[in-house]
Amino acid sequence: MGYGKKMNKKSLRIVYMGTPEISASVLERLVLAGFNIVGLVAQKDKPVGRKGILEPVPTKKVAMKYDIPIFQPEKIRLDYEFLKEINPDLIITLAYGQIVPQGVLDIPRFGAINLHGSLLPKYRGASPIQAALINGDKVTGVTLMEMTAKMDAGRMYAKKEVEISDNDNATSLFEKISLAAGDLILDSLEDYVDGKLVGVEQDESLVSVCHIIKPEQEKLSLMMGVKELYGWVRALSLEPGAYLLLDEEKFKIFKASIANYDVTGEVGQIVKADKGGLYLQCKDGQLSLLEVQKQGKKRMDYKSFLNGSPNLLNQLLK
RNA sequence: CGCGGGGUAGAGCAGUUGGCAGCUCAUCAGGCUCAUAACCUGAAGGUCGUAGGUUCAAGUCCUUCCCCCGCAA
């Protein structure tokens, strides 16, 4: 194994497109593996934190560290002339955050490839990692695929599976997926450029699509069953966090588990609040709340929360 | 000066109109129980975020600064 027998890593001009943390670590691994990253395209910096300080997006930090030229067009759809000047041989994308127009895909002679956080054709779209958690999947993965004008619909070149454990939440699964994405691209890139990866079309009959999660979906609905609630808690944890309302204030649930399928109280009622657990009655079972946070307070385990909230039993969440 | 909540024992909280600093959990010692996330008894553990001011007296009232959290962007 090893790179460089046919392909010359140094001479292959790669433009990397990506924005968040999951993408930043993959970029860094490509750099450290010796690939010639001639440019980063990322979303614009956004104000972060309470004070609204403008902070570089994660991929940008990596690019700055290795002196890679950075491009942050407002709309790649309208503004991609700069890419022609860079004249890349290949574009690699991972969670860039904008739809990339055909005009961009046509620039590099080896085309544009994308790393997608699911086993396609399952979960095309914006939130594949969360979708796997919401649906309670045991396995998900990363797919290396051809970029086409249609979102996540191109030929698939390689996949890598990732197991989802009971302890995983969005934060941990994002890390796993990021790691797997890095492994996958490093394992596949040489073969791709050498034309050894034929790729297979996606089976359109198996396609499913997941949409971007809207802020209002962070408020859990007690219309959902306990399994579904559990999935949403995991999918939204730790950032931004799923919540219900307690005393008209946000009550975030960062970690939970399914306690049982009993119904002993009203939906939304705290039916158990002692050292043995903090149980929320759902319509078809009870959710054990393990890590919570009330608005304005810190995140804490349920025992600590109970210490300071002695009258929680029988209260109603909504 | 975007809006709001908060900093009190290791953790989470209470502290009324200023008047001896408390509760729950954890910890330690002892007891009870076939047993326990149970129960009983006792102990240790605090410059009440910082700096200044008012007062006979400040956790509490006024001012400075620091830090944490929720929202907004």
Side-chain angles (χ1 to χ4, degrees), chain A residues 19-24 42-61 72-76 95-98 126-127 130 166-167 169-172 211-222 226 229-230 232-262 264-265 268-281 285-318:
Chain A
T19 303
E21 204 61 55
I22 185 174
S23 195
Q43 292 271 52
K44 281 215 170 312
D45 296 342
K46 290 196 173 138
V48 173
R50 239 172 301 278
K51 295 181 178 167
I53 299 167
L54 212 60
E55 195 176 334
V57 296
T59 45
K60 183 175 177 179
K61 288 184 188 169
Q72 296 174 285
E74 183 84 42
K75 290 183 178 174
I76 190 76
Y96 168 54
Q98 292 189 41
S127 57
Q130 293 91 331
D166 290 341
N167 291 325
N169 59 21
T171 303
S172 66
H211 299 99
I212 194 163
I213 294 176
K214 299 183 186 115
E216 54 264 33
Q217 291 176 286
E218 293 159 18
K219 163 82 170 63
L220 297 174
S221 163
L222 289 168
V226 67
L229 285 166
Y230 172 62
W232 275 94
V233 167
R234 293 213 287 166
L236 294 173
S237 183
L238 296 168
E239 287 291 329
Y243 69 93
L244 287 165
L245 294 178
L246 172 63
D247 300 332
E248 303 303 320
E249 287 187 314
K250 277 195 180 184
F251 181 71
K252 287 195 177 183
I253 302 166
F254 289 103
K255 190 174 179 188
S257 65
I258 296 170
N260 56 56
Y261 295 95
D262 301 341
T264 61
Q269 192 172 24
I270 298 295
V271 288
K272 178 176 169 66
D274 56 44
K275 277 174 281 190
L278 174 58
Y279 289 7
L280 171 70
Q281 183 65 59
Q286 298 177 347
L287 195 64
S288 174
L289 312 183
L290 298 172
E291 206 172 296
V292 299
Q293 178 180 34
K294 200 169 171 187
Q295 187 171 316
K297 297 295 186 180
K298 290 183 181 173
R299 172 158 56 98
M300 65 188 86
D301 61 86
Y302 75 93
K303 286 184 185 175
S304 292
F305 185 75
L306 287 174
N307 281 339
S309 309
N311 301 319
L312 211 57
L313 190 63
N314 295 330
Q315 291 238 10
L316 277 177
L317 302 189
K318 51 185 180 179

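Lettering of chains follows the sequences in order, A, B, ..., and the numbering in each one begins at 1. Heavy-atom basis, side chains included; hydrogens, waters and symmetry copies ignored.
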Main-chain N/O of A:T264 paired with A:Q281 side-chain donor or acceptor, under 3.5 Å
yes

Does the A:T19 side chain pair with the main chain of A:Y96, one donor and one acceptor, at a distance under 3.5 Å?
yes

Pairwise C1' distance, B:G19 and B:U55 [rounded to whole Å]
12 Å

Under 3.5 Å on both distances, the Watson-Crick or G-U partner of B:G46:
none

Within the distance-only criterion (no hydrogens, no angle test), does the side chain of A:K44 pair as donor or acceptor with the backbone N or O of A:Q72 below 3.5 angstrom?
yes

Would you say the side-chain atoms of A:S304 pair up with the backbone N or O of A:M300, donor to acceptor, closer than 3.5 Å?
no

Determine the contact category for A:E249: base if any of its heavy atoms lies under 4.0 Å from a base atom, sugar-phosphate if only primed atoms, P, OP1 or OP2 are that close, otherwise nothing.
nothing

Phosphate OP1/OP2 of B:U24 contacted by A:K303 side-chain N/O (<4.0 Å):
no

Any donor-acceptor pair under 3.5 Å linking the side-chain atoms of A:Q269 with those of A:Q315?
no

Partner nucleotide of B:G70 by Watson-Crick or wobble geometry (both distances under 3.5 Å):
B:C3

Taking the C1' atom in each of B:A44 and B:U63, what is the distance between them to the nearest angstrom?
38 Å

Rounding to the closest angstrom, what is the interatomic distance between B:U64 and B:U47 at atom P?
27 Å

Are side-chain N/O atoms of A:Q286 and A:D262 paired as donor and acceptor at under 3.5 Å?
no

Taking only nitrogen or oxygen atoms into account, show me every contact under 3.5 Å that the protein makes with nucleotides 7-15 of chain B, one pair per line with its distance.
{"unit_1": "B:A11", "atom_1": "O2'", "unit_2": "A:S304", "atom_2": "OG", "d": "3.0"}
{"unit_1": "B:G12", "atom_1": "O2'", "unit_2": "A:S304", "atom_2": "O", "d": "2.7"}
{"unit_1": "B:G12", "atom_1": "O2'", "unit_2": "A:G308", "atom_2": "N", "d": "3.3"}
{"unit_1": "B:G12", "atom_1": "N2", "unit_2": "A:N307", "atom_2": "O", "d": "3.0"}
{"unit_1": "B:C13", "atom_1": "O2'", "unit_2": "A:G308", "atom_2": "O", "d": "3.4"}

Say you pick atom C1' in B:G42 and the same atom in B:C32; how far apart are they, in whole Å?
15 Å

Could you measure between the two P atoms, the one in B:G59 and the one in B:A51, and give it in whole Å?
14 Å

Length of the line joining A:F251:CZ and B:C71:P, which is rounded to integer Å
14 Å

For A:K252, answer base if it contacts any base atom (sugar-phosphate contacts may also be present), sugar-phosphate if it contacts only those atoms, and nothing otherwise; contact means non-hydrogen atoms under 4.0 Å.
sugar-phosphate

